[in-house]
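Atom set for the values below is all heavy atoms of this structure, side chains included, hydrogens, waters and symmetry mates excluded.
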Amino acid sequence: MVSGLINENPTVYERKERRVRTDSTNTDEFSVEPIDQLEIFDHIRDIRDPEHPYSLEQLKVLTEDSVEVDDHKSYVRVTFTPTVEHCSMATIIGLSVRVKLMRSLPPRYKIDIRVAPGSHATEAALNKQLNDKERVAAALENPNLVEMVDECLSPSFE
Amino acid sequence: MRRCSSGDNTEFLKIEFDDSVHKHSGVLYRVPLGNINRVGFKNHRVDSSGILIQELVDRRHRFVVVKPVLSTNNPKAQDTVVVVEKLEPLCAGGGWDAGDYSNFPDAPDAAVARHAPAAFDEVFVALWVVEAADERPNHGGGSVDSLGYERSASGWVRFELVVSIDNWFEGFVLLVGLSVIVRFRRDRERERERDEGRRMDLMEKNLELIEVQKLEGHTDRVWNAAWNPVSPILASCSGDNSTVLEETHTRTVRSCSWSPSGKLLATASFDGTTAIWEDLGDEFECISTLEGHENEVKSVSWNASGSYLATCSRDKSVWIWEVLGGNEYDCASVLNGHTQDVKMVLWHPTLDVLFSCSYDNTIKVWWSEDDDGDYQCVQTLDESTNGHSSTVWAISFNAAGDKMVTCSDDLTLKIWGADISMMHSGEGYAPWTHLCTLSGYHDRTIFSTHWSSDDIIASGAGDDAIGLFVDSKQHDPVNGPSYNLLLKKEKAHEMDINSVQWSPSKESRLLASASDDGMVKIWQLETTP
C-alpha cells in the first residue's frame, strides 16, 4: 500500500441499491424527461476516490442528497463531504465531479460544486476555486491534473 | 493594393478588385483614409434608349478643391470620419466593352461605411485610385483601364470630381474599381441632433437589442472579443487555438487587445506568454513574444498612446512593458501587491495610470508619480471602501475617464468616480471613490462589462444574459448618481457570456458578445418601430 495517504483508513459504506426506473404513466416517446436528482447522482456516484479503490458513494463523500437540481432553471449544486477535514484531495474530487457533470449534462446546465459546510478546514477558499471557471479551465490544461481526474472518472464511465 | 509609378513620376495606388473589400458590403476596409489620396474617373451610363454613353469628366467644372485642408499624410487624417457633402450618382464598372454596368448607387459594389466622427471641422480627403484592376465585379476580362483615364503623353491624367448625393450620410464612400472624389466636412448640426435624438430615445425605453450577426467558427468556448479601434474588424480568442495562433501559443488564448493604432494585436495565453501580432492584410504575423510570467497570462492592455503594454497573471503580478521601436518590447516593471490571481489589467483612457482587478476581491491602481517609470500601487479598492466581496473580473472606463465600472463574482456591478482633472493638471493623485452599486440584475457571476462612448454600460454574465444600464440623471446630493437598467437580454447565448464590448463606431450602437457556446454575436441597440 502506498504510504502517506491523507486518510489511511476510510470508512467504507455499502453502495445503495440502484433503483430501476419504471414509469408507466408516460407513454409519449417524444417527451423529454426532466433531469432529476437520481439521474445526476447516477452520473457521479461511481467516481473513484483519488486515493482509495472505492467510489465516492461508498465513502459517503457523495449521497443522493448531495445533489440539488432544478431542471427548469438548468441548475445543479453538488455538495460533497471529504472524508477528513484537511483533505488535500478535495480539489481533485471537486474537479472530477465537475468534469463528469460537464460531460454528462446538457450545455445549458449551470453547475455549482461545494464542500459540505463545516467539513473542511479551508472551505471558503476551496469553494471559490472550484467555482472559478477560468481556474478550472486552466487546471484542466495541466496534464498531471487531467491524468488524476481521468483516473477518478474511468470507473464511472463503465 | 500596391504603389505604382506613372511615367511622370507621380505615385499612385492600384486597387485590385477584391483587395480588402468586404464581401457583403463592398466596403474597402483595410485602407486607412490617410492612404487614399486622389481619385479620378470616367462616367459610363446607359441612356433611356439603352445606349452606352461614355463621358469624360469635365475637369473644368469638377475641379473643386485645389489644396487639401488636411493633407493626407497628416496622421490625424488616419482616423477621420467625415460627412459626404456631395456625391453624384455615377455608373460603376463597365469598360470599353459592352457589358454590365450599373448606376451608382445601385452598384452592388458600392457601399457607404460608417465610422466615428472626427475632431476636425473640415477635411478634404481625396481618394487616389489609379486604375481598377481587370476583374470588375460584374464581369471579368475587359481592358485594364476601365476607368477611362485620359492618357497624356507623359502618363495618366487624373480628374477630380465632386460627387453629390441626395441624403446626408456620415461616412466615407469606397467603390470597388472606381474612383471618386468626395468632399467631406464634419456635420456639427447633425451631430447635435443625433446626440439629442439619442438621449431622447434612451429615455423612451422602447429599445431592443437585435442580433445582427452570429459568428460561428470557433470549436471551443470564446473567452474574449475585441473591436479594432479604426477599422470594422473584430478579433476573438478561444480555447480552440485557431491555426495561426497554435504555432505561437500552446494553450488557450484568454484575451486579446488591439493597439490604439489598430495595427497590432496582443494576445494573452495560458501558456504564460503574450504575443504581439501585426496585421499584414490577409494574415497576421507574430512579431514578438513576451515571456516572464510564471503561469497563465489573463489579460493584456495598451495605454492610450501605445507606448506601454500591461499584462497580468495567476502568478499575482502585473507587468508593464515598454514598446520600443523595431518590434522590441522591454519589461519596464513587475508590480506585486495582489495576493491572488489577477484577472484583468486596463490602462486609463487618457492618463498613464494602470488598473488591475483580482481574485483577491480588490482593484488596484498603479501610478508613477514622477513619471520615471517607477510604478507603485497608489490605491486599493477593497471591501472596506465599498468594494466587491468576491473576485473582480473586469473594469471599464467611460469616454471621459472620470468614471469606471467593475463587475464581480459577487453578482454586482460597481461604479466609481475620480476627479481626474486634478491629475491632468498635475496636482497629484486623485483617489477613486465608490458611487453606486448595481445589484439584483444578474444571478450568476458577471464576467465582463464595457462602458460605451455614448454612456451605456453593458454587462455579460454566467446567467447567459446581457444587461444594459444608463445613468438615471437624477442628481441626488446625498446618494450620488444612480443607474437604471435599460434592458436585459435573457438567453442572449446558450451558455455563459465571457465578454461584451461595444464597437468604437459611434453611428450605430453595436455590441459584440462572446460565449462558452463557441459563438460571437453582434447586436444592435435600436428603437422598436
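In this structure, A:Lys110 pairs ionically with B:Asp496, as a charged nitrogen and a carboxylate oxygen lie closer than 4.0 Å. Under a 4.0 Å N-O distance rule, the pair B:Asp516/A:Lys133 qualifies as a salt bridge. At a threshold of 4.0 Å, the pair A:Arg108-B:Asp464 does not count as salt-bridged, since none of the basic side-chain nitrogens sits closer than that to a carboxylate oxygen. Ion pairing between A:Asp132 and B:Arg314 fails under the 4.0 Å rule for side-chain N and carboxylate O.
Between the side chain of A:Lys128 and the main chain of B:Ser390, no donor-acceptor pair closer than 3.5 Å is present.
The number of heavy-atom neighbours closer than 6.0 Å to OH of B:Tyr441, taken from other residues, nucleotides and ligands shown, is above 12. The number of heavy atoms from other shown groups lying within 6.0 Å of CD (A:Glu147) does not exceed 12. By the neighbour-count criterion of 12 heavy atoms within 6.0 Å, atom CD of B:Glu494 is sparsely surrounded, having that number or fewer from other residues, nucleotides or ligands.
Contacts of A:Ala125 with chain B are made by backbone atoms alone, with heavy-atom separations under 4.5 Å and no side-chain atom involved. Both the backbone and the side chain of B:Tyr359 come within less than 4.5 Å of a heavy atom of chain A.
Ranked by heavy-atom pairs under 4.5 Å with chain A, the list B:Lys491, B:Met495, B:Glu296 is led by B:Met495. Ranked by non-hydrogen atom pairs under 4.5 Å with chain A, the options B:Asp341, B:Asp463, B:Asp517 are led by B:Asp341.
Closest of all the heavy-atom pairs between A:Ala137 and B:Trp223 is CB-CZ2, 3.9 Å.
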Step by step, would you call B:Thr252 with A:Glu134 a side-chain contact (heavy atoms from CB on, under 4.5 Å)? CA-CA 11 Å; B:Thr252 288; A:Glu134 194 185 47; over 6 Å; no
